[in-house]
Structures are given as structure tokens and as C-alpha cells.
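Remarks on the structure that follows.
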Amino acid sequence: MALEDICGFQDTPLHRKCFPASHFEDTATSFDCYSAEFRGLKKSGRDSGIPLQFFIPSLPNSAPFNHRSTSHFSPSKHSVTVRRPFPLSHGTTTLGFIFQGGVIAAADTRASAGGLVACPAVHKITPIHSHLVVTSSGSGADCMLWERILAREIRLYQLRHRRCLSICGTAKLLSFMLHPFKGTDVCVALTLCGWDKEAGNTDSSFITDNSSSAGFSSQDVSAMAYPSSPNRGPKLIYVCSDGARLQGDVFSVGSGSPYAYGVLDGRLRWNLSKEEAVSLAREAVFRATHRDAYSGNNVDLFHITAQGWSRRKREELKEEYYRDMERRTKTVGERKRVTVLDALG
Amino acid sequence: MLSSQSYQDPGKMKDYHYSGPVEHRFSPYSFNGGTVLAVAGEDFAIVASDTRLSEGYSIHSRDSPKCYKLTDTTVIGCSGFHGDCLTLTKIIDARLKMYKHSNNKTMTSNAIAAMLSTILYGRRFFPYYVYNIIGGLDEHGKGAVYSFDPVGSYQRDTYKAGGSASAMLQPLLDNQIGFKNMEGVQHVPLTQERAVQLVKDVFISAAERDVYTGDALRLCIITKEGINEQTVPLRKD
């Protein structure tokens, strides 16, 4: 997908003849005029526009499309009135937090559609590139496709500009790509967890003051620890299809997030060791899956450092529940024994 | 044929009491029933579907299989709204031909799955009401099953049931093929004979308990030798 774009393959008339697939299934004339505009949009600004073409149903008693002066796609003008006869997958617990050893991202693996578990082993944490991982929450299909679109755009940026886009830049790009769909029922809540390797452009003066030689590379700078630099190091940004874009130190998203926040707020500190942080994240997801019906099955855990992301083996929570149950019966038994002893004097 | 059943949620009985004047909108969707199943083994894959096409209380056809052959190593099973199934398979066939003509090779199973995901998501705001399951052999010759939801979210699995009886069959497959929630059982890898027998038994059970499943079972067994089709009769009531 990305390589095709950068070779300019899609702009040739041959390609348009060969691949009208995204157009031919649409019979509504309104969409034809949109697609012509979109093609124009694509030629003028390759970085702008939505990289996927959508079919919007035209309704018999909707307003005529002559008044659509904006060339940009805005589905919120037509409210979605085609009622879907099936439920979409929703419901999750995902969390991410920053500590001294990097960023931890954890999620459960259940995808529920209505009351049914559509899939007990979904990947809710997806790597985008070597130093960025995104946790998804909301509608399963929306998250999966938007992650694909984001990965494609980031790869295109990397090929065109020969450097990785910063995490803040990625979040902004994603937020702007999602903006046209505000008001529709696209439901996407992603947490970008990553590590910025290079300094941002605005920081160049700051760097040159602190170096001895003139021709150094940005990699040398990031090797030295500059904890006060705002554009390097671990980053956690939450992007949502409603338009929210927030940077923070700890985020938990989904139906199980209140339970996860409770556990995290109790034990999260900056100077946790890696094992403690992993065990805290796991514990938070475990407690959330216990209390929330729409979360469950397994825990996925990713750890992002300056060297990149590393993935912990997916853990089945069934054994943990049984161990927890045993622990509880033991403490209850112990308590009973103690009270009996007390009663006897 | 528009029956009032089609305006409600599929499979649910309408309440027969007068609750005031109700405006019925035209629904572009209809539920035509049917169950699809796919199982992947070490060097084979099986895609099976029943052949009943129903709508509301009527049966339109007893011989309408829901497995469609895409390439020599891939079969897709589509259940849900029959109109969308037909259009979707036509679109996939056309895209496969275009890919073959411009890249001079047939699409692999995982490429077809990724393409279908984008086709389905392109209709995010007016979805194809189809539950798809792709079964086939991947580039290494191992069995692969890709299951989709109607808007394009997909996942590679070992086994999956979709359609009207999916909620009944999926737990049975979890237990028999995935050995889930069983203590002290040896995890034997699935042989082709056991898989075929299991699929037949599972559909017989589905036909017993689901009204939209029955009439006949069409099995497509995909191996490196090709696609072998079998038809097994089921309950016709």
C-alpha cells in the first residue's frame, strides 16, 4: 500500500482503469462526484485526504448535493439512518503508564458483540513501528482499520522525509484523520505508547549549545540522558474519535477502565522496577477483567524502551483466577480459625 | 417477499399485541439464515455450510450452498443477507482477476483476507450484512482460517463458526478442537478424518436446534491436491 503510493503508481491513468474497484460498487451519483473530487484532492496533496474511500448511502429525501461547497469529505452532514441489524464488537480494558524504565502497555483480549464473545483472543495492542505501540479500544473493526491506515501514513512519512515522525506528530496526524468522522458512529479510542528517539525540530538550538563539535548526529544526543528535554523519551498520548488528544502519564480506556484506574492509582510510582511495573499492569487488567463482564480471557503486555518494544508472552487468566480463589479460601479459613480461638479465650 | 419479521432483529419473535400505531421503515437488509464453519489443520482446511435459504417463516431454497470457491487454495463461506453475499463474492472475484492480471500470480489466502477487510470497511456506513469466514492454505501449505465481522475486523483462527447457529457451535468447537476447559486431556493434533467427522456431527446437532440450519451440508476440503466437495443430507424439517 505505502510503496505503491510513493512510486506514484496510483496517479497513472492505467491504474485508474485497472483499479476502479473502489468506485464501481457505488451506484449513487452523489458519490461519483465525491470520488472525482477526491481524485483531484489526491493529485494535489498526497499527504492530505483520507486514504480509504467510503461509500455513504444517499437517501431519497435528503437535501440535494449542489450545496456541498466543501471539497472535503464530511459524512456528518448525512446522519446515518440505515439501521444495522447486527451488533459490533465493543468492550475492553486497556491501560498504559510511564515509569522510570519506559512505557508499559497492557490490555485484555476479549472482543464482545452484544452479549456474545465474538473472539476470546484478539490483539488489542499493535506495534506501528519499532518504537511505537498503539492500544485500541472501541469498535474492533474501526480500531483495526484505523491502525492499518495510521501504520501506512507513518511508513509513507518515513519514506518521504527519511526520519520517523514524532509521537506527538503521529497523534496529531491520527486526530486530524479521524476528525471528518466526528458525529458518525465510528468509535475509536487509541492510546499511543512510544519512545521518541530523536529531538524535535524546535529543539535544535538547545542541542547545539550543549555540544562540542558542529557536525554531530541526533543519535548522539539521544544517547546522552536529557530528562528535561520535552521532545525525547517515553510518551503516552490518548487519541479518540470524538476529537480528544491528550498527553499524560497514565491512561486506561474501556469499559473496565474504572477498575484498572483504582488499582493503578493505588500503586503507581515513578521509580518502580521493571518487574514491579509489569506485575502492576497485569494485576490492574486482572482485577478489571474480574469485575467487568466485557473484558476477560488473557492479558497482553508490551514494554517500550529506548531500544524499542518487547512483548511479554500472552498470559491466560484462568489459572490466576483459580490461584486467587485458593488464596481467598485460605484467608477465610484462617480468619475463621482465629475467631474461633478468640472466642474460646 | 417482505415479511414483517425482517424489520425486527433476526431470529427474534415479534410481540403480538397492539402497542399503538407503528411506522415501519423500509429496511434494506433481510436475514436469510444459514451457518458456515471452517476448520484448519496441519496441511488441510475444511469449509462447510448448510444449504438452506430462508426468510422469516419460509424456505426459499433447499439447495443454496454458502461456500464459494475463490482460488485453488481458498474457499470463502458467507452467511447473512443473501443479496450482499452474492454482490460481495462478485466483487472479490473481480478483484482477484485484476490482481492476477496485473501481478501475474494468484492471491494468497492472507492477501485475500486483508483485501476483504478493506472492502468491508469501505462500506462502514452502510455495511454488507455478511458474516464471512475464509478457509484455505497459506503460503507454507498449512491450513488457515480467517474470520470476519460484517465491517471488516478479522483474525486468523484455527476454527470458527459463523451464521445463525454460530453461538451454539462455537463452544462445541472450543471444547473438541481447542480442548478448552477440560482437565487431564491429551492435546492430540487434528487429523483430516476426525475433522470431517466432527464437522458432520456438529452440523447434525445444529440442524436439530436451529430452525435456519438444515436441508443439506456442503463440505469443501482444501488440500494441496485441490478442493474436494462432499454433500451430506441433513434434516429437512
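Keep in mind that the numbers below use all heavy atoms, side chains included, and drop hydrogens, waters and symmetry copies. Proteins come first, then strands; the chains are lettered A, B, ... in the order of their sequence lines, and each starts at number 1. Being a predicted model, the structure only gives us computed values, none of them experimental.
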Inset, instruction - Would you please test Leu116(A) and Gln170(B) for side-chain contact (heavy atoms from CB on, under 4.5 Å) and show each step? - result: CA-CA 11 Å; Leu116(A) 184 65; Gln170(B) 190 65 33; over 6 Å; no

How close do [X] and [Y] get, counting heavy atoms only, and between which atoms?
X         : Y         : value
Met144(A) : Tyr154(B) : CE-O, 2.8 Å
Ser153(B) : Gly140(A) : CB-C, 3.9 Å
Gly152(B) : Leu145(A) : O-CD2, 4.0 Å

More than 12 foreign heavy atoms under 6.0 Å from [atom1] of [X]: is that the case here?
X         : atom1 : answer
Arg209(B) : CZ    : no
Lys142(B) : NZ    : no
His123(A) : NE2   : yes
Asp93(B)  : CG    : yes

Inset, instruction - Would you give the length of the straight line joining atom SG of Cys119(A) to atom CG of Asp149(B), rounded to the nearest 0.5 angstrom? - result: 10.5 Å

Legend entry - Check: Asp185(A) main-chain N/O paired with Arg124(B) side-chain donor or acceptor under 3.5 Å: yes

Inset, instruction - Take the angle between the ring planes of Phe181(A) and Phe125(B) and call it parallel below 30°, perpendicular above 60°, tilted in between. - result: parallel

Legend entry - Proximity breakdown for Val117(A) and chain B, heavy-atom pairs closer than 4.5 Å: neither

Legend entry - Segment of Phe148(B) engaging chain A (4.5 angstrom heavy-atom cut-off): neither

Legend entry - Which atoms of Asn181(B) approach chain A - backbone, side chain, both or neither, heavy atom under 4.5 Å: both

